[in-house]
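On a predicted model such as this, the values are computed, not experimentally measured, just so you know. Proteins get letters first, then strands, A, B, ... in listed order; numbering begins at 1 in each.
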Amino acid sequence: MPVETWLIFIVGFMLIGSIAALEMKDLLSAIIAVGIVGLGVSMAFLLLQAPDLAIVQFLFEIFSVVIIVRAFLKKDYHSEGEGQRNRLLGGITVLTLIAVFLLSIRLFKALPPFGKPLMTTARYYLENCASQTHAANIVSSIVLDYRGYDTLGEVTVLFTAILGALTIIRLKSKRKTEGEGQS
Amino acid sequence: MKQQPGLTLIAKTVTRISVWLIVLYGFYIIFHGHLTPGGGFAGGVVIALAFLNVMLAYGHETVTRWLNISFMHDLEPSAGALFLTMGILGIALGGGFLANVVHRGTLFNVFSSGNILVLNIIIGVKVAMGLFVVVWSLAIFRFFEGGDK
Amino acid sequence: MTLYLMCFALLLIGIYGIIVKRDLVKIIIASGIMGYASNLLLILFAYRKGGIYPILEKGKDMTGRVMVDPLPQALVLTSIVIELGITAMLIALAIRIFEKYKTFDITKIRRLKG
Amino acid sequence: MILPFFIIIPLLAAFLIALISGERDNWAIAVAVIAMLALLCLALFGFVTIGAQTQVYQMGAWKIPYTICLVLDALSAFMLVIISGIGLTALMFSVFYIRHLSTSWKYYALFMLLITGMNGVVATGDLFNLFVFMEIALFAAYALVSYGSRAEEFEASFKYAIMGSISSTLVLVGIAIVYSATSNLTMATIAQLLPQNPTVMYFAGGIFLAAFGLKSAMMPFHAWLPDAHSSAPAPISSMLSGVLIKTLGVYVLVRLFYNVLGAPPLFLKMFMIFGSISILVASFLAMGQWDFKRLLAYSSISQIGFILLGLGIGTRWAILGAIFHILNHAIFKALLFYNAGTVEMVLGTRDLRQMGNLTKILPYTTATSMCGTLAVAGMPPFNGFFSKLIIIIAAVHAGHPIYASIAVAGSFLTLVYFMKVQRYGFHGKKVIEREGVKIGWGMRTAMIILAVLTLATSLLILPGIRTAVLDPVVAVIMNKTGYITQVLGGNL
């Protein structure tokens, strides 16, 4: 089977998985379903010849499932039935999104077809990477050398996110008692 | 069970043996980031997962006692500052921000590719420490501030 | 083309989940799905028919071998980390909201007007 | 080359703050203030020296489009000055204000990261890099919005984070589509290649409009703003309302739609429509508010509407008015949020009906809030008057009398709801005993500086000063081919 068929199979599987994850009433099943979708992304990366990403996606998937389960599972959780207002909102949203989807067909026709990217910039990396950076992994050399500034930004994003999460979790505010009184 | 938080003895023993292998594998991924798939991020997450493994098996109280969390907390911004310092060194040595400052070496050697290896190690340390600190804080949160009752 | 559309549908499912779902955990899950879709779309744009992964191997002759576009892979590496960051922050916020309101249901968390 | 230092200084400050400060925040304040002063000097130096030129800084030893470039032209230098100027006053205000919330160094680290993100967005010439730095600024903003650690602050922050994650994903999809069509990420190269493919250009433009419209809170996408901006601590509200929505929203819209896409008429029309909706609806919503900070937040949406209207008209004068209004709005909205923060700190409430006889308790705050009110309502000697006047005249001149009348009506409504603030809030009849809370000199100084600036920036409209300060910025916006040739330089 060609790669494309496999990919259609995997992405279709992911579509079903994500709908299941959103619609399931049970929280643990939903988290597991979205975990499976993430592993599907990892598989798709592998098929699309991106092993770096497959590894990172796989690991981050494990990591985020662990923290989501750890954070949420022991809460006394009740899922609620869908209300009336919700159904109206849902209907409007679905119609709008279907319209966007149909419009997007024109866009994807105008883009280069699957399997034939333009490669004008990328060709330079493929040809010159080994001689210029002496790194065998071209993705690594782009991430850390040609576009190292992006990675500095990425490291900062992670630092900000972690600092932010710690601030949100462990902040002992002077106003805390007052806030508690209100809730 | 109250005196011994965490999982059973078997799980603890297995964890005790396997965690070093996992950490070793994480370092392997980091050090071969420029030759094989992987790199600082992947390796860092592997190391963080190894610590997480210990925490799941032994319980977070034990981990808090064993590991110096505030040191790990400080290691993260130091790694960030080191990354930035590498960039500034690039300016200082005349190449421009984030220019290569380390000898390039030969292709396919482990110690090659200049900045890439150094930055991979910095990122690996940073990611491992940062992610572990986040998980650790999420774990202790419920006990200190009464997340659920 | 089919793949692009399916991937775009995945994105729209994520947006649908965020707008319609009333549960904080489900909203976090939906934002994760949106992230998967955008990453996958970038990598789909990068694939070349019959291409191999962009890593040189020792002792192998690479001339004549087609490689896929490495740049989107570098971008997605960054984007995955950003996804993880936003997930961590959303989880932290959701935990604190649960601590304050004792529920994950967004319709019951409506202290703010408008 | 000064360009990378706009990112290096605040980022280094953030890492240093995280490293050296212990329990107390003294070191953090010292580092942050030094860094902000250095940034302000650097930004002013950049703005004075840049004139009509463009500086391009290429990362590492590589050449664009194979690496990331930083671009400093009059527009980005102008934004950098606004960011560091308002940032410095916000920091001054925070030093005294934030201690009643907490004394942690984390606030200052996150504040410096916010500055890093905004500086990065403004300075970059690369589409994906813009996305990355936008995320830094947003993550810092999410954490800072919930800094007060009250229930509704977490709720507002969650809402903001979710809206932000939708718009970030849309930006990423837009980048993916643009990359697929042009195989480039440098904005100047994209500006050359993308108009050859109009279908993709319009779709990508639509996605970017939705995404950055969400960030700039134009009217159909505004839902997150009143919550987030009113829940944040006052200095952060002023940073978000005064600077962040302009940097991540309006600046990026200008850069993308004028310099990269070449101002397609369809999108300009949409700017005008969304802008006028924002002006009217947000004004009416603001009139119904009794919460001081929520009222200010709605007012921000309406003022963003003025800016978008000016950008949508697209003539030279209209853009001049919009650019001038970006500066003016940053100044007076920051000032008004400081006033609101001071009142909240002293009285412990944001409800206008609970306030009264503030003239006696807080004379400086009342006086400066009068300056802010008159400026935002567009009263003659203040800066807001001139920028709104220019936009309205430009609208009439370009043959859009309806939009001009909407702008006039919006201006009048602004006056109405700010009179309500003055009438009930500051000069209300309710008598309140002064509580033991003291406002620091830094807070007072920050307010006075901004109040003086609301008058002083009116001078920018004088012809001699205008040609030196505002005209180069307008020239950059209007000149797409100039941007391309200046950035690509010899690499064409």
Side-chain angles (χ1 to χ4, degrees), chain A residues 7-8 11-12 14-15 18-19 21-22 27 30 34 37-38 41 44-45 48-53 56-57 60 64 67-68 71-72 75 79-80 86 89-90 93 97 101 104 108 113-115 117 119 121-122 125-126 130 136-139 142-143 147 150 154 157-158 161 164-165 168-169 183, chain C residues 1-10 12-13 15-17 19-23 25-26 29-30 32-33 36 39-40 43-49 51-56 67-71 73-74 76-78 80-82 84-85 87-89 91-93 95-96 98 100-101 104-105:
Chain A
L7 279 170
I8 287 176
V11 179
M14 281 163 58
L15 280 171
S18 53
I19 292 172
L22 288 176
L27 188 63
V34 82
V37 176
V41 178
F45 285 161
L48 289 163
Q49 305 291 336
D52 281 278
L53 298 178
V56 173
Q57 176 73 46
F60 277 7
S64 51
I67 58 174
I68 290 179
F72 293 133
K75 305 276 184 285
S79 48
E80 312 281 332
N86 210 290
L89 179 68
T93 314
L97 292 180
F101 182 73
S104 73
F108 289 118
F114 179 70
M119 300 286 287
T121 316
Y125 294 129
L126 294 180
N137 186 342
I138 297 173
V139 177
I142 293 174
V143 166
R147 295 180 69 87
D150 263 355
E154 175 186 357
V157 167
L158 198 63
I168 291 164
I169 293 172
S183 59
Chain C
M1 174 81 184
T2 329
L3 272 170
Y4 293 166
L5 280 176
M6 286 170 85
C7 193
F8 197 70
L10 195 64
L12 295 181
I13 287 176
I15 293 178
Y16 162 82
I19 295 174
V20 172
K21 286 293 151 189
R22 305 189 304 162
D23 188 295
V25 185
K26 289 281 172 69
I29 287 175
I33 290 171
Y36 297 148
N39 291 346
L40 190 58
I43 295 300
L44 284 175
F45 285 146
Y47 184 69
R48 284 167 91 187
K49 279 238 164 66
I52 58 158
Y53 48 83
I55 295 169
L56 307 173
M67 280 183 180
V68 298
D69 190 344
L71 185 53
Q73 300 195 9
V76 170
L77 205 57
T78 307
I80 291 175
V81 177
I82 292 174
L84 190 81
T87 314
M89 285 192 78
I91 288 172
L93 280 169
I95 289 180
R96 287 310 292 268
F98 187 87
K100 301 279 184 191
Y101 293 94
F104 280 129
D105 190 333

Check whether any side-chain heavy atom of C:Gln73 lies under 4.5 Å from a side-chain heavy atom of C:Tyr53, and answer yes or no.
no
One option among A:Ile67, A:Leu97, A:Val37 has the most heavy-atom pairs under 4.5 Å with chain C, and it is A:Leu97
To the nearest 0.5 Å, how far apart are CD1 in A:Ile8 and CG in A:Leu15?
11.5 Å
Mind checking the CZ-CD1 spacing from C:Arg96 to A:Ile168? Nearest 0.5 Å is all I need.
9.0 Å
Looking at C:Val20 and A:Gly90, what are the two nearest heavy atoms and their distance?
CG2-CA, 3.6 Å
Under 4.0 Å between a side-chain nitrogen and a carboxylate oxygen: does that hold for C:Lys26 and C:Asp23?
no
Sequence-distant partners of C:Tyr47, ring-ring contact (aromatic ring centres under 6.0 Å, His included), two or more places apart:
A:Phe114
For the side chain of A:Gln49 and the backbone of C:Arg48, is there at least one donor-acceptor N/O pair under 3.5 Å apart?
no
Chain C contacts, top residue of A:Ile19, A:Asp150, A:Val11, A:Thr121 (heavy-atom pairs, under 4.5 Å)
A:Val11
Chain A interface, residue from C:Val76, C:Thr87, C:Ile82, C:Leu12 that has the most non-hydrogen pairs under 4.5 Å:
C:Leu12
Interchain contact, C:Ala46 with chain A, by part (heavy-atom threshold 4.5 Å)
backbone
Give, as side chain, backbone, both or neither, the part of A:Phe60 having an atom under 4.5 angstrom from any heavy atom of chain C.
both
Most contact-rich option vs chain A, by heavy-atom pairs under 4.5 angstrom, among C:Leu93, C:Val68, C:Ile80, is C:Ile80
Residue among A:Ala50, A:Gly12, A:Ala30 with most heavy-atom pairs under 4.5 Å to chain C
A:Ala50
Region of C:Leu77 in contact with chain A, defined by heavy-atom distances below 4.5 Å:
both
Taking C:Gly32, C:Cys7, C:Gly51 one by one, which has the highest count of heavy-atom pairs under 4.5 Å against chain A?
C:Gly51
Using non-hydrogen atoms and a 4.5 Å limit, figure out which bit of A:Thr93 sits close to chain C: side chain, backbone, both or neither.
side chain
When only pairs under 4.5 Å are counted, which of C:Gly17, C:Gly85, C:Pro54 shares the most heavy-atom pairs with chain A?
C:Pro54
Can you tell which of A:Val56, A:Leu126, A:Val41 has the highest number of heavy-atom pairs within less than 4.5 Å of chain C?
A:Leu126
Quick check on the interface: out of A:Val143, A:Leu48, A:Val157, who has the most heavy-atom pairs with chain C under 4.5 Å?
A:Leu48
Looking at A:Phe101 and C:Ala9, what are the two nearest heavy atoms and their distance?
CE1-CB, 3.9 Å
Nearest 0.5 angstrom please: A:Asn137 CG to A:Asp52 CG, how far?
4.5 Å
With chain A as the partner, which of C:Ala74, C:Ala88, C:Ala30 has the greatest number of non-hydrogen pairs under 4.5 Å?
C:Ala74
Between A:Ala161, A:Ala130, A:Gly115, which shows the greatest number of heavy-atom pairs under 4.5 Å with chain C?
A:Gly115
Ignoring hydrogens, what is the shortest heavy-atom contact between A:Leu53 and A:Phe45? Give both atom names and the distance.
CB-CD1, 3.6 Å
